[in-house]
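Shown next, in structure tokens, is the structure this report addresses.
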Amino acid sequence: MKLYATKNDLPEATRTQVIALCNARLADSVDLQTQVKQAHWNVKGPEFIALHELFDKINEDVEEYVDLTAERVVQLGGIAEGTARLAIKASKLSEYPAGIASGKEHVDALSSAIATYGKLVRAAIGEADQLGDQDTADIFTEISRGSDKWLWFLEAHLQSNQ
Ligand SMILES: [Fe+2]
């Protein structure tokens, strides 16, 4: 991978590996964003308005995660791989279930997607740290804190009967 020249003092070998890590999580983030919107549009039932609005709030944050991750790639001299086609080829998330409608089904499907995403991002904190890039580790920590919060918001809808 050819990097752009930069005065950033992180060694090129570090930057190369961190760029690959960030592009991998960028792919997951773009995929997740489309899944959250899919839920926002298609949810039905008596909790429609609450969930429709909740899913849009999640989408706004995931859009931030996309931007933070893509811009870190570019800061390090790389090329952000953020188109839908590139993202879908590289994403580690499962496809969002087709044909679901109820609030419970969408909350369940989205909580699974965010849980998978959160696990990958949490692992990326340690990976960035091991590569010697604490700033990227900090970005992933911020994202991970956010995705844990949204997982809680979603799961709170499912936990009242336990
Ligand atoms: Fe909308």
Side-chain angles (χ1 to χ4, degrees), residues 1-42 54-98 100 106-156 158:
M1 179 174 31
K2 170 103 176 64
L3 302 190
Y4 283 96
T6 168
K7 292 172 183 147
N8 189 304
D9 69 303
L10 285 171
E12 185 168 332
T14 303
R15 288 188 285 117
T16 300
Q17 292 176 83
V18 172
I19 286 165
L21 176 64
C22 288
N23 269 326
R25 297 296 74 80
L26 173 61
D28 302 335
S29 306
V30 170
D31 191 3
L32 179 64
Q33 208 192 342
T34 69
Q35 299 197 18
V36 175
K37 274 296 201 182
Q38 182 75 1
H40 166 74
W41 295 319
N42 291 304
L54 170 63
F55 296 161
D56 224 17
K57 287 207 179 77
I58 299 176
N59 170 66
E60 280 169 27
D61 273 15
V62 177
E63 199 178 334
E64 267 302 304
Y65 308 159
V66 166
D67 218 40
L68 281 168
T69 312
E71 289 178 358
R72 186 64 184 158
V73 169
V74 183
Q75 287 162 24
L76 298 176
I79 294 178
E81 296 172 351
T83 67
R85 282 175 224 215
L86 287 170
I88 274 21
K89 255 190 264 172
S91 173
K92 297 266 190 296
L93 304 189
S94 305
E95 174 60 303
Y96 197 75
I100 58 172
H106 279 291
V107 166
D108 187 50
L110 261 195
S111 65
S112 295
I114 287 195
T116 303
Y117 176 78
K119 182 180 175 185
L120 290 158
V121 173
R122 206 184 319 282
I125 301 169
E127 289 164 51
D129 200 38
Q130 280 202 326
L131 292 168
D133 182 352
Q134 273 78 39
D135 303 284
T136 298
D138 182 61
I139 288 170
F140 284 132
T141 304
E142 179 182 339
I143 295 174
S144 167
R145 275 205 323 267
S147 69
D148 274 4
K149 185 189 87 170
W150 290 125
L151 180 59
W152 160 46
F153 269 56
L154 290 168
E155 287 188 325
L158 305 171

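These numbers come from a predicted model, not from an experiment. Side-chain atoms are counted along with the backbone in the values below, which use heavy atoms only and exclude waters and symmetry mates.
The neighbour count for Leu3 CG, taken as heavy atoms of other residues, nucleotides or ligands under 6.0 Å away, is above 12.
In this structure, CZ on Phe55 lies 10.5 Å from CG on Asn42, to the nearest 0.5 angstrom. Taking OH of Tyr96 as the start and CG of Asp31 as the end, the distance is 12.0 Å to the nearest 0.5 Å. Atoms CG and CD1, on Leu110 and Ile100 in that order, are 7.5 Å from each other to the nearest 0.5 Å. Note: Thr116 OG1 to Leu32 CG = 9.5 Å, rounded to the nearest 0.5 Å. Distance check: Leu21 CG to Leu26 CG gives 11.0 Å after rounding to the nearest 0.5 Å. Rounding to the nearest 0.5 Å gives a distance of 8.5 Å between CH2 of Trp150 and CD1 of Ile114.
Ser91 places no side-chain N or O within 3.5 Å of a backbone atom of Ile88 that could act as its donor or acceptor partner. A distance-only check finds no donor-acceptor pair linking the side chain of Asn59 to the backbone of Lys37 [under 3.5 Å]. Asn23 places a side-chain N or O within 3.5 Å of a backbone atom of Ile79 that can act as its donor or acceptor partner. In this structure, Glu64 contributes its side chain and Glu60 its backbone to no donor-acceptor pair below 3.5 Å. Remark: side-chain polar atoms of Gln35 are paired, donor with acceptor, to backbone N or O of Ser94 under 3.5 angstrom.
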Test side-chain contact (heavy atoms from CB on, under 4.5 Å) applied to Glu81 and Val73, step by step: CA-CA 9 Å; Glu81 296 172 351; Val73 169; over 6 Å; no
Asp133 vs Arg72, side-chain contact (heavy atoms from CB on, under 4.5 Å): CA-CA, chis, key distance, verdict: CA-CA 11 Å; Asp133 182 352; Arg72 186 64 184 158; 3.1 Å; yes
Candidate pair Leu76 and Asn8, rule side-chain contact (heavy atoms from CB on, under 4.5 Å), full reasoning: CA-CA 7 Å; Leu76 298 176; Asn8 189 304; 4.1 Å; yes
Pair Asp28-Arg25, salt bridge (charged side-chain N to carboxylate O under 4.0 Å, His left out): steps then yes or no: CA-CA 5 Å; Asp28 302 335; Arg25 297 296 74 80; 2.7 Å; yes
